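Along the sequence shown, residues are numbered consecutively beginning with 1. As the structure is a prediction and not an experimental result, all values here were calculated from the model.
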Amino acid sequence: MLKLWAVPLAIGLGLLPSAPVTQAQAPLNPTLRVGIVQRFGQQPSDRLQIVAGGQRSLIVRFTAAGEPRQFRVQRLTVAIAPEPLAVPEQRSRLVISQHRSFESAEASAEQWRAKGFDVEIAQPQGWEVWLKPAPDLPDAALPSLLQRLRSEGAEAAVLRSETRTTRPQLVWQLGEQRFQGDRLEIESNGPITVAGVPYPGRLTLQPNAYGDFTLVNTVAIEDYLSGVVPHEIGAGAPAQAIAAQAVLARTYALRNVRRFQIDNYELCADVQCQVYRGWESRVPTVEQAIRQTRGLVLSYDNQLIDAVYSSTTGGVTAAFEDAWLGQERTYLQPRLDAVRPLWNLQARPLNQEANLKSFLQLREGFNETGQPRFRWQRRRSLAEIQADLKTYLRDRRDPRAEFQQIQSVTISQRSPSGRVLEVTVQSDRGPIVIGRDEVRRAFAGLLSTLFYLEPERDSSGRLLAYRFVGGGFGHGVGLSQTGAMGLARQGWNYDRILKFYYPQTQLEPLHPAMLQVTNQPAP
């Protein structure tokens with residue numbers, strides 16, 4: 001999710017939970033597997049310093065020469081050593097599509113599964129949909145399969161191949177002995193420090209799908225929240241806004257454990273999931289919010305909701321499908337981010353350009369009024385836009401990246417919440433259409449997709465630049481963190497804040513049936 005800001009320690013206010021958890025309910029506290037270092041070994045110089053806190057020791061387990069081994073040490077340094085391969089290894093992948101977000105990648109994967117293709121979602125850098133390799137499919141058949149995919153509509157599909165003569169191996173020293181392998185399990189009777197950050201739970205350094213390693217933290221969700229909430233909304237936020245964030249972070253994590261199935265863990269620790277920094281910043285305001293909401297989640301139709309949130313909506317929330325590919329979520333629909341009726345979205349929908357321009361002139365009376373990213377402008381010269389777009393297209397291996405000149409940039413489709421659904425760039429290589437959250441990837445520096453364009457020309461009419469005039473920061477779907485703060489300052493408690501941003505949902509204790517469906521796409 002989107003990190004808002006880091007805030008100094010503040011004195012906590014008492015929380016008054018509207019749905020207290022009693023001892024008899026015994027709240028569930030399932031564990032998560034979080035990739036805290038996702039691509040260890042990508043560089044030969046990579047090092048990991050792992051230390052037990054205080055007077056404690058690490059228990060290090062691994063297999064050497066086919067035998068299980070176990071050592072107790074106070075600290076451990078893990079490095080990378082290239083192991084020569086007896087026979088060069090050919091690695092080929094058919095990449096069907098590339099995406100800025102998991103949500104859009106998942107929707108694309110579902111479309112291809114419906115067509116009979118066995119696919120999987122990966123994140124080598126950005127999110128991608130891969131054709132799952134078949135053991136009996138020779139590499140010589142891949143080019144014809146690529147053509148078939150393109151004929152089925154995968155216009156951006158590419159065949160990615162590389163030959164390796166070495167593979168990275170983990171190396172570590174224990175006393176006088178040097179070991180090498182591809183998996184380490186590390187436990188302690190307290191937090192384990194990695195690169196100066198203490199993490200609760202246990203650690204596993206394991207192979208991933210890209211030829212290197214991931215350091216995975218297995219952690220109980222209530223402990224995990226201590227490392228998420230202060231880095232997402234900030235410990236200085238009003239107490240009720242922190243409590244709302246705790247419920248969302250819990251719901252979001254449990255709903256999204258399917259993200260890294262290809263790599264045998266569940267969540268990442270950055271803005272592509274939720275920012276997680278272990279127990280680096282445990283503070284009373286956050287710990288109190290986690291305790292007061294312990295075990296509580298948001299549900300719809302007896303399932304965990306897609307509890308997405310962002311920093312600032314710009315005065316109007318977005319529908320799920322405004323930001324990503326995929327089916328609509330009943331509980332994620334556009335609504336005015338204000339208590340008072342400042343604007344009628346039904347009578348004056350923001351997919352009409354004149355309405356949007358008028359709306360973005362409004363500044364007072366919103367839940368986010370006064371926030372620095374509530375309204376914004378960005379000027380981008382034509383040369384800057386061309387450079388950004390070329391980089392975007394080259395990353396996708398799109399042949400149109402070799403265009404020489406942009407003639408125009410227009411918003412060709414917009415949603416009723418005002419979000420840009422489609423931008424069309426006219427170039428000397430033909431039109432280039434960019435949709436939804438990919439717009440922010442293609443045009444650097446945009447804070448959201450809630451904006452309109454103002455062309456800038458010289459006296460002869462030659463196009464020089466575009467001014468992007470907009471509002472909000474992030475995708476704008478679900479709760480606004482700055483809006484939640486505004487509501488909390490007006491005296492709203494956390495369950496009322498959540499009901500405002502997620503209508504038709506229920507605040508209730510987590511129960512086992514909810515966890516049985518978390519590997520399926522959200523309803």
Side-chain angles (χ1 to χ4, degrees), residues 33 35-48 50 62-66 76-99 105 109 117-150 154 156-173 178-185 203-216 259-265 268 270 272 391 394-399 401:
R33 290 173 49 78
I36 58 175
V37 180
Q38 287 183 274
R39 301 300 301 277
F40 180 70
Q42 195 171 32
Q43 301 298 325
S45 59
D46 284 353
R47 296 285 187 280
L48 274 177
I50 304 173
F62 56 92
T63 299
L76 178 69
T77 300
V78 186
I80 291 293
E83 180 184 58
L85 295 172
V87 178
E89 182 182 89
Q90 177 78 18
R91 294 170 60 93
S92 297
R93 288 286 187 187
L94 266 175
V95 181
I96 298 176
S97 58
Q98 300 176 57
H99 306 271
F117 291 90
D118 194 8
V119 300
E120 53 194 349
I121 300 171
Q123 196 204 31
Q125 290 178 323
W127 294 99
E128 298 180 347
V129 177
W130 288 359
L131 186 70
K132 193 175 291 187
D136 57 347
L137 183 68
D139 283 356
L142 294 178
S144 61
L145 188 52
L146 174 63
Q147 293 305 314
R148 181 188 166 195
L149 287 167
R150 287 176 174 169
V158 295
L159 176 59
R160 196 177 291 159
S161 299
E162 62 175 333
T163 301
R164 294 187 176 187
T165 57
T166 64
R167 65 180 173 190
Q169 287 283 283
L170 305 173
V171 292
W172 61 96
Q173 192 88 15
R178 184 177 185 271
F179 295 94
Q180 179 170 316
D182 62 4
R183 186 180 181 89
L184 275 170
E185 295 181 358
L203 303 176
T204 305
L205 195 50
Q206 62 187 47
N208 57 38
Y210 320 109
D212 41 45
F213 302 91
T214 298
L215 182 63
V216 177
R259 289 193 169 217
F260 293 90
Q261 289 178 326
I262 192 172
D263 296 312
N264 192 31
Y265 60 98
C268 56
D270 60 27
Q272 288 296 326
T391 298
R394 284 171 181 155
D395 286 347
R396 297 169 62 86
R397 302 192 183 186
D398 191 316

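Between K132 and V119, every side-chain heavy-atom pair lies at or beyond the 4.5 Å cut-off. Residues I80 and L170 have side chains in contact (heavy-atom distance under 4.5 Å, counting atoms from C-beta outward). You'll find the side chain of R39 reaches within 4.5 Å of the side chain of N208, heavy atoms only. Side-chain atoms of E120 and Q261, non-hydrogen and from C-beta on, never get closer than 4.5 Å to each other. D46 is listed as a side-chain neighbour of F40, based on a closest heavy-atom distance under 4.5 Å. Contact check for L85 versus T165: no side-chain heavy atoms found under the 4.5 Å cut-off.
Nearest approach of P207 to D182, heavy atoms of both residues: CD-O, 3.2 Å. Minimum heavy-atom separation, P124 to G126: CD-O, 3.5 Å. What you find for R394 and A401 is that their closest heavy atoms are CG-CB, 3.5 Å. When every heavy atom of A105 is checked against every heavy atom of H99, the shortest pair comes out as CA-CD2, 3.5 Å. Of all the heavy atoms in P84 and P82, the pair that sits closest is CD-O, 3.7 Å. The shortest non-hydrogen separation linking A122 to I262 is CB-CD1, 3.9 Å.
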Practice task
Show your working on side-chain contact (heavy atoms from CB on, under 4.5 Å) between D263 and Q38 and close with a plain yes or no.
Solution key: CA-CA 10 Å; D263 296 312; Q38 287 183 274; over 6 Å; no
Handout entry: Criterion side-chain contact (heavy atoms from CB on, under 4.5 Å) on R33 and F260, from CA distance to verdict
Key = CA-CA 10 Å; R33 290 173 49 78; F260 293 90; over 6 Å; no
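For the atom pair CZ (R183) and OG1 (T204), the distance works out to 5.5 Å, reported to the nearest 0.5 Å. The line from CD of Q98 to CZ of R396 is 5.5 Å long, rounded to the nearest 0.5 Å. In this structure, CG on L215 lies 4.0 Å from CD1 on I36, to the nearest 0.5 angstrom. The CG atom of L145 lies 9.5 Å from the CG atom of L159; values are rounded to the nearest 0.5 Å. Between the CD atom of Q173 and the CZ atom of R178 there is a distance of 7.5 Å, given to the nearest 0.5 Å. Here the straight-line distance linking atom CG of L184 with atom CG of L48 works out to 10.0 Å at 0.5 Å rounding.
Ring-plane geometry between W130 and Y210 is classed as perpendicular, the angle between the planes exceeding 60 degrees on a 0 to 90 degree scale with a lower cut at 30. Using cut-offs of 30° and 60° on the angle between ring planes, the pair W172 and F62 is perpendicular.
R167 places no side-chain N or O within donor-acceptor distance of the main-chain N or O of E89, the cut-off being under 3.5 Å. Although no hydrogens or angles enter the test, the distance criterion places no donor-acceptor pair under 3.5 Å between the side chain of R259 and the main chain of I121. Within the 3.5 Å criterion, the main-chain N or O of S92 finds no donor-acceptor partner in the side chain of S161. Not one N or O on the side chain of D212 forms a donor-acceptor pair closer than 3.5 Å with the backbone of P168. Using a distance-only test at 3.5 Å, with no hydrogens or angles considered, a donor-acceptor pair links the side chain of Q206 to the main chain of N264.
For Q125, the CD atom counts as loosely surrounded, since its 6.0 Å shell holds 12 or fewer non-hydrogen atoms of other residues, nucleotides or ligands.
R160 has no carboxylate O lying under 4.0 Å from a charged side-chain N of E162, or vice versa, which leaves the two without a salt bridge.
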